[in-house]
Each structure stands twice: as C-alpha cells, then as structure tokens.
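If you scroll down you'll find the structure; I have some questions about it.
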Amino acid sequence: MSDKTAFLSHLTTVLQGIDRDGLMKRERLITGPQGARVDMAGRRMLNLCANNYLGLADDPRLIAAAETAMQDHGYGMASVRFICGTQDIHRALETRLARFLGAEDSILFAACFDANGGLFEPLLGPQDAVISDALNHASIIDGIRLCKARRYRYANSDMADLEAQLIKAREDGARFLLIATDGVFSMDGYLAKLPEITALAERHGALVMVDDCHATGFMGPQGRGTPAHFGVKVDILTGTLGKALGGALGGYIAGPQPVIDLLRQRARPYLFSNALPPAVVGAALAALDIVEGADDLRTQLFANAAYWRAGLQAAGFRLLPGEHPIIPVMLGEAKLAQAMAQDLAQRGVHVAGFFFPVVPQGQARIRTQMNARLTQDDLDFGLEAFTQAGRALGVI
Ligand SMILES: *Cc1c(COP(=O)(O)O)cnc(C)c1O
C-alpha cells in the first residue's frame with residue numbers, strides 16, 4: 001500500500017468512527033434565502049436554529065444596501081487592508097461600530113473567528129496572563145493557544161474560581177492580566193456574570209475582554225450588548241456581522257485606541273487575509289441603522305422568546321432558565337435529541353440537536369433560537385410540532 005493510500009484509508013477509518021459514534025454532521029440544503037421559514041428538499045420548514053435574531057438575513061433594506069455598495073464600490077477588494085484594501089466604507093463601518101459599542105475605535109476582520117484568533121498574540125507576551133472561562137467559544141481558545149501569555153482557566157461562570165485564578169496569576173508574577181469570556185454562552189443561553197467579572201477585574205487589576213457574538217444588536221439598550229445590558233464597561237469587545245447584524249460574515253474588535261492601532265499593525269488574520277467585500281460592509285452599515293433606529297425588532301424578538309418559552313413549559317418540556325432568545329430543550333441522551341430532531345423535521349420544523357462533546361454527557365438538547373420575524377402562527381405551529389414529537393417519543 002502506498003503512503004497516500006494508507007493515509008486516505010486512515011481518514012476513511014476516522015470518518016467511519018465518527019459515523020459509528022453517531023457524531024456525523026450532515027448538511028441539509030436550503031434552496032432559498034435564510035429566514036423564519038426555509039425551503040429544504042422541496043418543503044417549507046419552520047426554522048428555529050439560525051442566529052438570525054433580528055431576522056435581517058433576508059431584509060430588503062440590507063439587500064438594497066449591499067447592491068448599492070457593489071455599484072459604488074465594486075464586488076471584491078483583491079487585497080488586504082494595508083496594501084490597497086481599505087475603502088472609505090471600511091473606515092465608516094469601523095467608526096460606526098466603535099461609536100455604537102462605546103469604544104474609541106474598532107477593527108474589522110473576515111470573521112469573529114479571525115478576530116478572536118488574532119486578538120491575544122499581539123497584545124500579550126510571556127510575562128502576561130489570560131484567564132479564560134472554560135466554556136469560551138473555540139475561536140477564543142484557539143486565539144489564546146496562539147499567544148505566549150500564561151493560561152489560566154476557570155470553571156464556567158464560577159466567580160470563586162475566577163478570583164482564585166486571578167490571585168494565582170498575580171502570585172506567579174504576571175504583568176498584565178486579561179479575563180476573556182463569551183458575553184452569552186451559546187449552548188445554554190446563559191449570560192456571563194459581567195457585574196461580578198468587572199468587579200473582580202477591578203479588584204485584581206485585570207482587563208476584561210468579552211466576545212458578544214450572541215448579543216450585539218439585541219441585548220441591552222439599543223442592542224449594544226451584554227455590557228450595556230448590565231450597565232458595566234469592559235475593555236475589549238469582539239463580535240460578528242454574521243449573526244444579528246445581517247448574518248453574512250465579518251467580525252470586529254472594539255476597544256481603546258492603542259489596542260486597535262497595535263492590532264492593525266500586528267494581528268495576523270488582519271494582515272494576511274482579504275478585506276471584507278463592499279456589499280457586506282454596506283449592508284452592515286444598513287443593519288446598524290436599523291438596530292440603532294428603533295426597538296421594534298428587539299421588542300418582537302423578546303416577545304417571541306417569552307411566548308415560545310411559556311408554550312414549551314406549558315407543554316411539559318424541561319428548559320434551562322433565562323431570558324435570552326436561545327432556548328434549549330433538555331432531553332438527556334444524545335439518541336433522544338437526534339430522534340426528536342428527526343421527528344420534528346418530519347413535522348416541518350428544522351432544529352438542531354446538540355450532544356456530547358459539544359455539551360456535557362447526559363445533557364443532550366435541542367437548542368431553539370427565536371427571531372423577530374417569527375409570527376404567532378409560526379410559533380403555534382412550532383409548539384404543536386414539539387408537543388406531538390414530545391408525546392411520540394415519551395418526553396412529555
Ligand atoms: C459565532 C461565534 C463566533 C464566530 O463568529 P464568526 O463571525 O462566524 O466567525 C465567535 N465567538 C462566538 C461566541 C460565537 O458565537
């Protein structure tokens with residue numbers, strides 16, 4: 001057997017293992033736009049698993065803004081930002097995001113995965129320490145791996161453990177301390193305890209970085225995110241244009257001027273990857289107009305979340321407590337979560353089951369997510385389907 005044949009047969013064995021463990025992810029084709037209802041295999045499905053919180057993914061105003069930006073600024077940039085890839089609208093969006101988030105400046109990336117991947121390494125050296133929540137997003141974990149700072153991890157939202165790690169980092173002689181946390185933990189819909197975290201940071205002289213991907217645009221006054229929701233200030237915010245703010249792609253970091261200026265010089269995903277296309281930038285500016293202009297979409301989103309949560313509870317499902325539009329239906333075993341998702345698909349509802357290793361063993365769930373465009377009819381249809389599926393599988 002050649003090395004190449006052996007290599008490919010090794011990969012096939014790995015894939016078979018993934019399948020045998022029931023962990024194979026299969027992608028279902030949507031044949032139209034993302035939205036509250038999507039077309040899949042010739043069928044109109046209620047969609048309860050997109051991060052499309054404000055329903056902007058197919059909003060005509062964003063599509064028009066993207067078209068205008070393409071007419072004015074072309075299709076692609078064919079350059080990184082510092083060579084010849086910076087247009088006036090890139091700077092306009094960075095300034096606008098900074099103002100919206102209450103920061104001095106911001107810097108765009110191709111995705112928040114890149115923003116988190118590029119954040120830590122330029123800012124922190126081997127003398128410094130990052131103190132990171134155990135449930136942080138994969139991109140934060142990778143970003144921290146890429147930097148030379150010492151790493152400390154605290155149990156999810158465990159403030160006693162956070163303080164213990166801060167003390168340990170100080171005792172180890174760390175120069176600068178940076179606490180890193182998701183603003184919202186996306187498997188549970190739980191918010192990070194930012195009032196406690198910022199108080200501990202203050203007490204121990206640490207900086208705070210929050211990844212607000214599942215909050216910007218809809219949590220807090222005017223959708224300014226989890227710090228605004230709690231009325232606290234954090235030092236560095238990262239976020240995405242790929243969720244509530246239109247759902248296309250793009251990420252950013254917002255923070256103090258020297259942070260942004262140094263990232264522009266040193267952040268590797270910024271220096272060595274293409275500038276965002278004008279259509280995305282133009283539509284993101286339109287998304288911010290909508291987000292800052294009125295509360296109607298946020299009001300509808302949270303009304304939908306409250307209605308959906310109450311309906312599931314009344315039907316007898318076990319939920320995690322909370323107020324976020326991520327509403328997980330707890331099922332226990334992976335097989336049950338998968339069976340439930342399949343049963344719901346038969347009934348015209350598209351949802352995703354989550355199980356180990358994405359969530360702890362025995363805590364498999366279906367994560368439902370609300371959006372502002374779901375109507376009362378949509379929600380009633382979804383509740384009926386959940387009730388039928390839950391009964392069929394003996395969950396309720
Ligand atoms: C979605 C998400 C990301 C990645 O954002 P992209 O812009 O899609 O790369 C990063 N962090 C968190 C917490 C997320 O939920």
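By convention here, the first residue in the shown sequence is residue 1.
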Q) Is there a donor-acceptor contact under 3.5 Å from the side chain of Asp172 to the main chain of Ala174? A) no
**Q.** Test item: Thr198 side-chain N/O and Pro195 main-chain N/O as donor-acceptor pair under 3.5 Å
**A.** yes
Q: Show the numbers, then the answer: is there a side-chain contact (heavy atoms from CB on, under 4.5 Å) between Ser106 and Leu101?
A: CA-CA 9 Å; Ser106 82; Leu101 298 166; 5.9 Å; no
Q: Hey, can you tell me if Phe218 and Tyr53 have their rings parallel, tilted or perpendicular (30° and 60° cut-offs)?
A: tilted
(Q) Between Asp378 and Arg373 (salt bridge meaning N to carboxylate O under 4.0 Å), is one present in this structure? (A) no
Q. Are the side chain of Asp114 and the backbone N or O of Phe109 linked by a donor-acceptor pair below 3.5 Å?
A. no
Q: Decide side chain to side chain donor-acceptor pair (under 3.5 Å) for Thr238 and Asn116; before the verdict, give the C-alpha distance in whole Å, the side-chain angles of both, and the deciding distance to 0.1 Å.
A: CA-CA 7 Å; Thr238 70; Asn116 289 336; 2.9 Å; yes
Q | Remaining members of hydrophobic cluster (4.5 Å side-chain criterion), Val14 | A | Leu15, Ile18, Leu23, Met24, Phe355
Q: Please check if atom CG in Asp21 has more than 12 non-hydrogen atoms from other residues, nucleotides or ligands closer than 6.0 Å.
A: yes
Q. Counting only heavy atoms not in Leu29, do more than 12 fall under 6.0 Å of its CG?
A. no
Q | Charged N-O contact under 4.0 Å between Arg96 and Asp289 | A | yes
(Q) With a 3.5 Å distance limit and no angle check, can you tell me whether Asp161 reaches the backbone of Ala155 through a side-chain donor-acceptor pair? (A) yes
Q) Where is the tightest heavy-atom contact between Leu123 and Asp128, given as atom of each residue plus distance? A) O-OD2, 4.3 Å
Q | Side-chain donor or acceptor of Asp105 paired with backbone N/O of Ile260 under 3.5 Å | A | no
Q.
Using modelled atom types and a 3.5 Å cut-off, is there a donor and acceptor pairing between side-chain atoms of Gln87 and backbone atoms of Pro278?
A. no
Q) Which atom names give the shortest non-hydrogen contact between Arg347 and Ala385, and what distance separates them? A) CD-O, 3.6 Å
**Q.** Distance, nearest 0.5 Å, that separates CG of Leu194 from NE2 of His229
**A.** 9.0 Å
Q.
Keeping Thr240 on the side-chain end and Gly250 on the backbone end, is there a donor-acceptor pair under 3.5 Å?
A. yes
(Q) So, using salt bridge (Lys or Arg N to Asp or Glu O under 4.0 Å) as the criterion, who are the partners of Arg391 when residues are at least two apart? (A) none
Q | For Ala389 against Asp343, the heavy-atom pair lying closest together | A | CB-OD1, 3.3 Å
Q. Where is the tightest heavy-atom contact between Ile326 and His214, given as atom of each residue plus distance?
A. CD1-ND1, 4.0 Å
Q: Look only at the side chain of Asp182 and the backbone of Asp211, and say whether a donor-acceptor pair between them is shorter than 3.5 Å.
A: no
Q) Does a salt bridge link Asp188 with Arg365, judged by any charged N lying under 4.0 Å from a carboxylate O? A) yes
Q.
Restricting to non-hydrogen atoms, name the atom on Leu119 and the atom on Pro122 that form the minimum distance, rounded to 0.1 Å.
A. O-CD, 3.4 Å
Q) Which pairs with one or both residues in residues 133-149 pass salt bridge (Lys or Arg N to Asp or Glu O under 4.0 Å), sequence neighbours excluded? A) Asp142-Arg145
Q: Establish, for the pair Arg151 and Phe120, whether the NZ or CZ atom is under 6.0 angstrom from the six-membered ring centre and no further than 45 degrees off its axis.
A: no
Q. Does Cys49 offer a backbone N or O that forms a donor-acceptor pair with the side chain of His350 under 3.5 Å?
A. no
Q: Taking all non-hydrogen atoms of both residues into account, name the closest pair between Ala134 and Asn156 and its distance.
A: CB-N, 4.1 Å
Q. Is the closest side-chain donor-acceptor distance between Arg81 and Thr86 under 3.5 Å?
A. yes
**Q.** Ion pair check, Asp19 and Arg26, cut-off under 4.0 Å
**A.** yes
Q | Separation of Leu393 CG from Gln342 CD (nearest 0.5 Å) | A | 10.0 Å
Q) Between Arg224 and Asp212, is the closest basic N to carboxylate O distance under 4.0 Å? A) no
Q | Interatomic distance, Gln300 atom CD to Thr375 atom OG1 [nearest 0.5 angstrom] | A | 9.0 Å
Q. In Å, rounded to the nearest 0.5 Å, how long is the span from NE2 of His137 to CE of Met187?
A. 8.0 Å
Q. Is Glu94 salt-bridged to Arg91, cutoff N-O under 4.0 Å?
A. yes
Q.
Treating Arg367 as the side-chain partner and Ile327 as the backbone partner, does any N or O pair qualify as donor plus acceptor under 3.5 Å?
A. no
Q: Only one of Arg170, Glu163, Gln165 passes side-chain hydrogen bond (donor to acceptor under 3.5 Å, both in side chains) with His204; say which it is.
A: Glu163
